[in-house]
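The structure appears right after this line, and notes come after that.
What you see is a predicted model, and the numbers here were worked out from it, not measured in a lab. Quick note on labels: first sequence line is chain A, next is B, and so on, each numbered from 1.
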2 protein chains.
Amino acid sequence: MDPLAIPEIVIGRLPLYLRTLDLLASQGQTVASSQELGSRLGITSTQIRKDLSYFGEFGKQGTGYDIQYLREQLRSILQVDRCWDVALVGAGDLGHALVNYADFERRGFSIAAVFDKDRQKIGRRIERFEVLDAVTLPEVIKERRVQIAIIAVPAGEAQEVADMLVNAGIKAILSYAPITVTLPEHVRVHTIDPIRGLQSMTYYLNPDQS
Amino acid sequence: MDPLAIPEIVIGRLPLYLRTLDLLASQGQTVASSQELGSRLGITSTQIRKDLSYFGEFGKQGTGYDIQYLREQLRSILQVDRCWDVALVGAGDLGHALVNYADFERRGFSIAAVFDKDRQKIGRRIERFEVLDAVTLPEVIKERRVQIAIIAVPAGEAQEVADMLVNAGIKAILSYAPITVTLPEHVRVHTIDPIRGLQSMTYYLNPDQS
DNA sequence: TAGATTGTTAATCGATTAACAATC
DNA sequence: TAGATTGTTAATCGATTAACAATC
């Protein structure tokens with residue numbers, strides 16, 4: 001099946017399904033119905049079955065899904081049955097938090113190198129990494145054929161860093177800078193902006209606060 | 001207009017518009033068309049005009065939008081023309097990064113207190129905050145009538161923390177724990193899971209990596 | 001067998017966009 | 001006036017869901 005024939009919104013939900021199955025597996029559960037997954041995620045069972053049906057038939061009537069098997073299938077579909085090297089740009093507080101984030105490894109990613117352009121930070125250690133000079137970024141990324149990067153620099157530097165990453169061959173970027181970066185369309189970008197989430201919740205809040 | 005009559009997906013885009021207008025304003029620009037906003041955000045100008053039309057008429061034919069005026073209007077709609085107190089739970093690396101995140105203040109939020117349950121962390125300082133014992137969370141939140149909280153604790157503790165927050169009166173939660181927390185429907189939750197974003201990009205990546 | 005649940009079709013629902021009159 | 005752009009309607013497009021046969 002052509003990967004692009006499947007709606008992006010469906011692809012966006014698969015990691016949610018996988019995450020939920022991981023949780024159930026860690027609790028020792030071996031089988032789950034679309035009903036159970038749905039109620040845990042707050043979506044309908046029909047939607048889950050429909051989403052999965054784009055890729056094949058993974059369940060058993062009357063029973064549900066074998067958790068182990070469906071996890072394997074989803075990992076294969078999402079290509080996280082391998083481990084992807086990730087370049088991290090920005091060795092500030094957020095960079096530190098990301099280096100220490102244990103979930104990356106468990107879920108298919110491994111930080112391969114940490115860069116910063118600040119003289120104060122270059123050469124310092126963050127856990128197992130030495131912070132590398134950002135000018136060496138292109139060669140390191142090219143040499144190691146890294147395809148994924150995380151941007152954890154201030155908003156004002158993010159576009160410049162993104163351009164540099166793309167020139168070095170990066171194909172997917174997770175950006176923590178609260179701006180919309182503009183890139184060639186063959187490069188995928190996900191932006192994490194915590195304020196965006198907060199601001200769309202305050203819309204619904206009661207105005208009376210002390 | 002009844003706030004609930006407007007599609008949530010529209011509300012979700014307003015912070016994007018505001019963020020872009022903030023950027024343009026900081027560059028000294030005074031007027032912007034829906035066309036310009038759209039091309040910066042990668043969405044159509046029609047969609048922007050349609051979204052804004054739920055709330056009123058803010059533009060001028062032939063000219064576009066007065067940036068200053070539209071910012072004020074959007075801030076008012078989103079209720080970020082005031083500053084909201086936010087309780088932060090979790091004083092680890094991520095908590096540190098959030099305390100130091102300058103954008104909160106500029107965009108309508110102010111961290112009011114930091115909590116942790118770890119004896120090692122309680123009493124320590126993070127910038128201007130003393131880390132408070134999580135058992136004091138209900139009283140502090142109730143007393144200060146805080147409505148918003150950020151969860152920055154490990155996944156295994158997140159549901160418990162969320163329940164505690166809701167009992168204390170919290171109405172909106174931004175969670176960095178990679179699980180789906182289950183809460184009463186009058187409470188809004190936004191979950192930030194960086195791996196989710198990465199996993200939906202690897203789907204499209206070329207499998208050949210060194 | 002009876003009960004449960006899948007996978008899929010067709011209907012419904014909702015969001016996006018093309019088109020355009022209004023007007024600055 | 002001519003050109004540009006808004007606000008809005010109606011058409012289109014795409015996503016969700018109800019319904020149900022198949023089957024474990």
Side-chain angles (χ1 to χ4, degrees), chain A residues 1-17 20-21 24 29-74 77 180 200 203, chain B residues 1-17 20-21 24 29-74 77 180 200 203:
Chain A
M1 162 101 68
D2 176 9
L4 297 175
I6 293 155
E8 275 201 48
I9 197 163
V10 171
I11 303 302
R13 281 190 293 259
L14 300 186
L16 251 32
Y17 303 159
T20 306
L21 291 165
L24 292 176
Q29 199 170 322
T30 59
V31 171
S33 66
S34 57
Q35 182 56 244
E36 173 171 13
L37 290 172
S39 74
R40 284 186 173 267
L41 287 165
I43 62 184
T44 63
S45 60
T46 309
Q47 180 155 80
I48 292 175
R49 294 199 303 278
K50 172 85 173 163
D51 285 352
L52 295 177
S53 76
Y54 283 101
F55 304 96
E57 309 191 354
F58 306 117
K60 192 169 7 176
Q61 283 103 326
T63 308
Y65 300 89
D66 180 276
I67 290 177
Q68 204 45 54
Y69 177 69
L70 186 53
R71 286 171 80 199
E72 279 163 24
Q73 294 299 311
L74 286 173
I77 292 164
T180 305
S200 56
Y203 173 80
Chain B
M1 160 102 68
D2 175 9
L4 297 176
I6 293 155
E8 275 201 47
I9 198 164
V10 171
I11 304 303
R13 281 190 293 259
L14 299 185
L16 250 31
Y17 303 159
T20 306
L21 291 164
L24 293 176
Q29 197 169 322
T30 59
V31 171
S33 65
S34 57
Q35 182 56 242
E36 173 171 13
L37 290 172
S39 74
R40 282 184 174 269
L41 287 165
I43 60 184
T44 64
S45 60
T46 309
Q47 180 156 78
I48 292 175
R49 295 200 302 280
K50 171 84 174 165
D51 285 352
L52 295 177
S53 76
Y54 283 101
F55 303 96
E57 307 191 355
F58 307 116
K60 195 174 354 184
Q61 282 102 327
T63 308
Y65 301 88
D66 180 277
I67 289 176
Q68 204 45 56
Y69 177 70
L70 186 52
R71 285 172 79 198
E72 279 164 23
Q73 295 298 310
L74 286 174
I77 292 164
T180 305
S200 55
Y203 172 79

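Per the geometry, CZ belonging to B/Phe55 stands 18 Å off P belonging to D/dT6, to the nearest Å. A/Asp51 places its CG atom 13 Å from the C1' atom of C/dG7, with the value rounded to the nearest Å. Note: CD1 (A/Ile43) to P (D/dA18) measures 14 Å, nearest angstrom. Residue B/Leu37 contributes atom CG, which lies 13 Å from atom C1' of D/dT6 at whole-angstrom precision. Remark: P of C/dT5 and CG of A/Leu52 are 16 Å apart, rounded to the nearest angstrom.
Considering only heavy atoms from C-beta on, A/Tyr65 stays 4.5 Å or farther from A/Leu21 through its side chain.
The side-chain contact (heavy atoms from CB on, under 4.5 Å) search around B/Thr30 returns none, not counting sequence neighbours. Applying the salt bridge (Lys or Arg N to Asp or Glu O under 4.0 Å) criterion to B/Arg40, with sequence neighbours excluded, gives B/Glu36. Every residue was checked against the side-chain hydrogen bond (donor to acceptor under 3.5 Å, both in side chains) condition with A/Thr20, not counting sequence neighbours, and none meets it. Evaluation of the side-chain contact (heavy atoms from CB on, under 4.5 Å) rule for A/Gln68 yields A/Asp66, A/Arg71, A/Glu72, A/Arg75 as partners, not counting sequence neighbours. Applying the side-chain contact (heavy atoms from CB on, under 4.5 Å) criterion to A/Thr44, with sequence neighbours excluded, gives A/Thr46, A/Gln47.
Residues from residues 60-69 of chain A placing a heavy atom under 4.0 Å of any atom in DNA chain C, listed by number, are A/Lys60, A/Gln61, A/Gly62, A/Thr63, A/Gly64, A/Tyr65.
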Watson-Crick or G-U pairs under 3.5 Å in DNA chain C, rendered as dot-bracket with [ ] for crossing pairs and | for another strand: ..||||||||||||||||||||||
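Heavy-atom nearest nucleotides on DNA chain D were determined for A/Glu8 and for B/Ala32, and the one closer to the 5' end corresponds to B/Ala32.
With rounding to the nearest 0.5 angstrom, the OH atom of A/Tyr17 is 10.5 Å from the CG atom of A/Leu70. Atom CG of B/Leu74 is separated from atom CG of B/Leu52 by 6.0 Å, given to the nearest 0.5 angstrom. Interatomic distance, OG1 of A/Thr180 versus CG of B/Leu41, reported as 4.5 Å (0.5 Å rounding).
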Restricting to nitrogen or oxygen on both sides, can you table the protein-nucleotides 8-10 of chain C pairs closer than 3.5 Å?
residue	atom	partner	partner atom	Å
C/dT8	OP1	A/Glu57	OE2	3.4

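Note on A/Ser45: nothing from the nucleic acid sits closer than 4.0 angstrom, heavy atoms only.
Here B/Arg13 does not reach the OP1 or OP2 of C/dA15: none of its side-chain N or O atoms lies under 4.0 Å away.
The salt bridge (charged side-chain N to carboxylate O under 4.0 Å, His left out) pairs that include a residue from residues 46-58 of chain B are B/Arg13-B/Asp51, where partners are two or more places apart or lie in different chains.
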